[in-house]
Amino acid sequence: MSPDILSAASSIPSSCLHTIFRAAQEAEQRTDTEVVKLHVGDPYFHPADNVADAFVDAVRRGDTKYTGPDGLPELREAAVEKLRTDNGVESTVDRLLVSPGSCEGLAALLQTLAEPGAEILLPELHWPVHLQQSLLAGFRPVLYPLGTGFRPEIERIAAAASPRTKVLLINSPANPTGVVLDPDEIASLLDLARARGWHVISDEAYEHFCYERAHMSVASLERDVPVDERIVHSVFSFSKSFAMTGYRLGYIALANDRAADVMRVVQEANIIGTSTPVQYAGIAALASRYEAAATNHKLVQRNRDVALPPLIKAGLLSELPAGGWYAMLDVTRTGLDAETFALRLLDRKGIAVVAGNGFAMRPQLDDQGHIRAHDYAPWARHLIRIAFCVDPIALETGVRKILEFVDECGDEGLASAG
Ligand SMILES: Cc1ncc(COP(=O)(O)O)c(C=O)c1O
């Protein structure tokens, strides 16, 4: 007989992202037809040639040894320079750690900051990985309600906090909502965190995808604060800006030396180090960043501007997302809940989208931090997330078929009512 698994991990359900990922794969195998994949944030464009060349050259010259838990000094220097010039963030190589994807960097950062019983504040509509990682690190996630247009409101965050709150997570541009915080909102969040003695984690994976205004890094507001008093830990990714999703590369700029020292130990234990040839590819990506980021931004914005307006016209989307790669549709008028909508759309039209209720999971924890029960915020029951970073033809087909499907649901609804 095998022993029971009673870890915190064993109580965490698989996310809505994985559910549809598996369903789409099964549908492709079953029907032998390609599914239009609007469920995953993987771009249709590729990294610049110099990125692939740098990777291959590193492999060929034998630069394939361990590089240590914090990463190649040349890459960290390049990232520090990029943060100073482009983000207005003051960092140093000692406070900057490279990670295999920003996802792993986030997980390690959460492990760096966690302590038993400590709470982390997440928005009630969040990227499920933020919730899963918080639980795995040992945090107790507290989900604060959002205001109009899924924007954070200081009073609601302050009201959700408790003396056990330790971290506030900010994700602008946001996955899944596409909300981009304006400078006043960021400043008020930071003031609140500072006044309450919290750390701030700023996940800036979509920094190059702001369509209405320039991106603002939260840590840029701490440039003139003495290092020991800084509280913002910033997370950056190569995946989105430079289309390097499968390379797995990110970096974390820690607020202060103490946090960087702790995270170095966490990474020593978690990863030993990040893939060395991938880090050389990262140096190349940063060297050609202006051109690549501008081109990729343009491609995704064009997708947004061309493909999404029909969804607004049909009343499924209230406005174009101000940032990121995703749009949240409201399919209330079909009468279907999000999960049924997503599965039927896949089955009948071969289009994969994510059921939005999965971004609004509400776990109930026991004293050990294990999930004992969970449900989904009822207001998210009819939300669907689509990614608009995909091939324009696929996106246009996907949107057209979503609209067709919504109309058919309306007809079916009327028929059954009649
Ligand atoms: C909000 C957010 N943060 C971080 C990531 C992780 O990116 P990566 O691990 O590829 O750097 C993603 C990926 O989709 C994301 O949506």
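These values consider heavy atoms only, across backbone and side chains, with no hydrogens, waters or symmetry-generated copies. Owing to the predicted nature of the structure, the values given are computational and were not obtained by experimental measurement. Atoms within each ligand, like the ligands themselves, are counted from 1 in listed order.
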Would you be so kind as to tabulate the donor-acceptor pairs closer than 3.5 Å made by side chains of residues 182-193, with sequence neighbours excluded?
from: D182; atom 1: OD1; to: D184; atom 2: N; distance (Å): 3.4
from: D182; atom 1: OD1; to: E185; atom 2: N; distance (Å): 3.1
from: E185; atom 1: OE1; to: R151; atom 2: NH2; distance (Å): 2.8
from: E185; atom 1: OE1; to: D182; atom 2: N; distance (Å): 2.8
from: E185; atom 1: OE2; to: R151; atom 2: NE; distance (Å): 2.8
from: S188; atom 1: OG; to: D184; atom 2: O; distance (Å): 2.7

Just distance, no hydrogens or angles: give the donor-acceptor pairs under 3.5 Å from side chains in residues 381-393, sequence neighbours left out.
from: H382; atom 1: ND1; to: L336; atom 2: O; distance (Å): 2.9
from: R385; atom 1: NH1; to: N175; atom 2: OD1; distance (Å): 2.9
from: R385; atom 1: NH2; to: H39; atom 2: O; distance (Å): 3.0
from: D391; atom 1: OD2; to: I393; atom 2: N; distance (Å): 3.1
from: D391; atom 1: OD2; to: A394; atom 2: N; distance (Å): 3.0

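With respect to the salt-bridge test (charged N to carboxylate O, under 4.0 angstrom), the residues E90 and R95 qualify.
Counted within 6.0 Å of CG on D366, heavy atoms from surrounding residues, nucleotides or ligands total more than 12; the atom is thus considered enclosed.
Residues meeting the ring pair (Phe, Tyr, Trp, His ring centres under 6.0 Å) test with F359, sequence neighbours left out: none.
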What are the atom names and distances for all N or O pairs under 3.5 Å between ligand 1 and the protein?
from: ligand 1; atom 1: 3 (N); to: D203; atom 2: OD1; distance (Å): 3.3
from: ligand 1; atom 1: 3 (N); to: D203; atom 2: OD2; distance (Å): 2.6
from: ligand 1; atom 1: 7 (O); to: S102; atom 2: OG; distance (Å): 3.3
from: ligand 1; atom 1: 9 (O); to: S102; atom 2: N; distance (Å): 3.3
from: ligand 1; atom 1: 9 (O); to: C103; atom 2: N; distance (Å): 2.9
from: ligand 1; atom 1: 9 (O); to: R248; atom 2: NH2; distance (Å): 2.7
from: ligand 1; atom 1: 10 (O); to: S239; atom 2: OG; distance (Å): 2.6
from: ligand 1; atom 1: 10 (O); to: R248; atom 2: NH1; distance (Å): 2.8
from: ligand 1; atom 1: 11 (O); to: S102; atom 2: N; distance (Å): 2.8
from: ligand 1; atom 1: 11 (O); to: S102; atom 2: OG; distance (Å): 2.8
from: ligand 1; atom 1: 11 (O); to: S237; atom 2: OG; distance (Å): 2.6
from: ligand 1; atom 1: 11 (O); to: S239; atom 2: OG; distance (Å): 3.3
from: ligand 1; atom 1: 14 (O); to: Y206; atom 2: OH; distance (Å): 3.4
from: ligand 1; atom 1: 14 (O); to: K240; atom 2: NZ; distance (Å): 3.0
from: ligand 1; atom 1: 16 (O); to: N175; atom 2: ND2; distance (Å): 2.8
from: ligand 1; atom 1: 16 (O); to: Y206; atom 2: OH; distance (Å): 2.7

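Annotation: cation-pi geometry not satisfied between K82 and Y251 (NZ/CZ under 6.0 angstrom from ring centroid, within 45° of ring axis).
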